[in-house]
Novice: 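My structure is below; once you've seen it, I'll send some questions.
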2 protein chains.
Amino acid sequence: MSTSLKPAHIDLPAPPTRPDPNHAGCRGVASVLSRVGDKWSVFVIMTLGDGPKRFNELKRIIDGISQRMLTLTLRGLERDGLVTRTVFPTIPPRVDYELTELGRGLADPVQALGQWAFAHLPEIEGARTRFDQRNDT
Amino acid sequence: MSTSLKPAHIDLPAPPTRPDPNHAGCRGVASVLSRVGDKWSVFVIMTLGDGPKRFNELKRIIDGISQRMLTLTLRGLERDGLVTRTVFPTIPPRVDYELTELGRGLADPVQALGQWAFAHLPEIEGARTRFDQRNDT
DNA sequence: CAGTATCCTCATAGATACTG
DNA sequence: CAGTATCTATGAGGATACTG
């Protein structure tokens with residue numbers, strides 16, 4: 001595997017000079033947002049939101065994700081204690097992924113953000129269009 | 001400038017085959033989370049949370065951010081309608097950045113996520129340590 | 001002061017092939 | 001079925017130098 005499970009963007013840059021509580025929080029936020037904001041984690045968390053799923057089940061539902069990326073995303077989430085990985089030693093093998101209590105807790109604020117995003121998507125897209133028109137030609 | 005203001009990870013991959021409402025929401029979420037989850041946007045949004053700031057003021061406060069990345073991040077946020085950029089044609093020039101109404105609205109769910117992150121950071125770090133011990137040898 | 005313009009590096013993510 | 005292994009490209013992000 002070429003990609004480490006401890007990506008650089010999770011262990012963040014230079015510590016703040018001021019021990020500002022806002023900043024301490026910010027580092028934590030950013031650490032979680034890096035995890036949650038990467039290309040696929042949200043999809044996986046949301047998909048697991050309505051019950052445990054198997055590997056290829058996730059792959060089918062999320063569509064567009066490569067096998068490799070699904071594996072890496074799941075390992076990352078597992079590392080952070082957000083999902084559990086349960087292996088059933090049958091033939092063919094079966095592996096279930098499920099949100100932990102922690103993972104379900106994370107799903108809430110993420111969904112809040114999601115609802116905000118959904119509600120304001122028209123505004124944002126409008127702003128993007130206007131900005132691009134001002135700057136394109 | 002080598003980096004586009006319309007990064008590929010914001011205009012997302014293949015559209016879902018099923019018009020699942022959950023999925024439509026997910027794409028929106030992911031779009032915003034990509035913006036919010038990139039390396040610096042959260043810091044900027046949070047820093048602007050307590051009032052407008054100037055370019056170098058932001059650069060000093062956020063520390064670790066390069067001039068280039070601050071510029072790009074601010075442009076991205078401006079493009080999405082989350083911050084305004086106000087130029088005072090004085091000498092030396094002065095440019096103020098400020099959260100828009102939209103930006104302040106985003107700050108709320110982001111802070112919610114941030115508080116969750118801060119509250120559960122010990123759990124997450126514990127999980128990471130245990131995972132790494134299981135797999136490092 | 002507030003940026004652009006370049007150059008460079010390395011991590012992220014896709015495609016493909018192979019395996020227990 | 002559920003992964004690993006390998007190769008490759010793309011582009012995010014840093015360093016530095018220059019400018020209105």
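Below, chain A is the first sequence line, B the second, and so on; all start at residue 1.
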Novice: I need the full list of ring pair (Phe, Tyr, Trp, His ring centres under 6.0 Å) pairs touching residues 66-116 of chain B, with sequence neighbours left out, sorted by first then second residue.
Specialist: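 Only B:Trp116-B:His120 qualify under ring pair (Phe, Tyr, Trp, His ring centres under 6.0 Å).
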
Novice: Using atom CG of B:Asn56 as one end and atom C1' of C:dG3 as the other, report the distance to the nearest whole Å.
Specialist: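 So the two atoms are 9 Å apart, to the nearest Å.
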
Novice: Could you list the residues that satisfy side chain to side chain donor-acceptor pair (under 3.5 Å) with A:Thr73, not counting sequence neighbours?
Specialist: none

Novice: Calculate the interatomic distance between A:Lys53 atom NZ and D:dC1 atom P; express it in whole Å.
Specialist: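 Value for this atom pair: 17 Å.
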
Novice: Return the value, rounded to whole Å, for the distance between atom CG of B:Leu74 and atom P of C:dT4.
Specialist: 10 Å

Novice: Which whole-number value in Å describes the distance from A:Met69 CE to D:dA5 C1'?
Specialist: 13 Å

Novice: Distance check: side-chain N/O of A:Arg54 vs OP1/OP2 of D:dA2, anything under 4.0 Å?
Specialist: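 For D:dA2, OP1 or OP2 has a side-chain N or O of A:Arg54 closer than 4.0 Å.
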
Novice: Between B:Val87 and B:Ile91, is there a shared hydrophobic cluster once you connect ILVMFWY residues whose side-chain heavy atoms come closer than 4.5 Å?
Specialist: no

Novice: Do the side chains of A:Arg128 and A:Glu125 get close enough for a salt bridge, i.e. N-O under 4.0 angstrom?
Specialist: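 Here A:Arg128 does not pair with A:Glu125 in a salt bridge, since their nearest N and O are not under 4.0 Å apart.
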
Novice: Under the rule for side chain to side chain donor-acceptor pair (under 3.5 Å), what residues qualify as partners of B:Arg94, not counting sequence neighbours?
Specialist: B:Asp96

Novice: Return the value, rounded to whole Å, for the distance between atom CG of B:Asp38 and atom C1' of D:dA12.
Specialist: 10 Å

Novice: Taking CG from B:Leu70 and P from D:dA15, how many angstroms apart are they, rounded to a whole number?
Specialist: 14 Å

Novice: Could you please name the option among D:dG3, D:dG14, C:dA13 that lies closest to any side-chain atom of A:Tyr97?
Specialist: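 Output: D:dG3.
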
Novice: When the distance from NZ of A:Lys59 to C1' of D:dT4 is rounded to whole Å, what number comes out?
Specialist: 15 Å

Novice: Is there a donor-acceptor pair under 3.5 Å between the side chain of A:Arg79 and the backbone N or O of B:Asp132?
Specialist: no

Novice: Side chains of B:Leu72 and B:Met69: does their closest heavy-atom pair fall under 4.5 Å?
Specialist: yes

Novice: Please list, in numerical order, the residues of residues 81-91 of chain B that have a heavy atom closer than 4.0 Å to any atom of DNA chain C.
Specialist: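 B:Arg85 - these, ordered by number, are the residues of the stretch whose heavy atoms sit under 4.0 Å from the strand.
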
Novice: Could you tell me the separation between the CD1 atom of A:Ile62 and the P atom of C:dG14, rounded to a whole number of Å?
Specialist: 12 Å

Novice: Verify salt bridge (charged side-chain N to carboxylate O under 4.0 Å, His left out) between A:Arg35 and A:Asp38, making sure each step is shown before the conclusion.
Specialist: CA-CA 6 Å; A:Arg35 158 104 279 101; A:Asp38 78 3; 3.6 Å; yes

Novice: For the helix from C:dC1-D:dG20 to C:dG20-D:dC1, how many degrees between its two end axes (five pairs per end), to the nearest 10°?
Specialist: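 Here the local axes at opposite ends form an angle of 50°.
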
Novice: How does protein contact run along nucleotides 15-20 of chain C, one letter per nucleotide 5' to 3', with B for base contact, S for sugar-phosphate only, - for none, heavy atoms under 4.0 Å?
Specialist: B-B--B

Novice: Report yes if some heavy atom in the side chain of B:Val36 is under 4.5 Å from a heavy atom in the side chain of B:Leu113; otherwise report no.
Specialist: no

Novice: Taking the side chain as everything from C-beta on, heavy atoms only, tell me whether B:Glu78 gets closer than 4.5 Å to B:Thr84.
Specialist: no

Novice: Taking only side-chain N and O atoms of B:Lys39, does any of them lie within less than 4.0 angstrom of OP1 or OP2 on D:dG14?
Specialist: yes

Novice: Begin with the C-alpha distance, continue with both residues' side-chain angles, and end with the deciding distance and a verdict on side-chain contact (heavy atoms from CB on, under 4.5 Å) for A:Leu48 and A:Leu77.
Specialist: CA-CA 12 Å; A:Leu48 290 179; A:Leu77 294 172; 5.7 Å; no

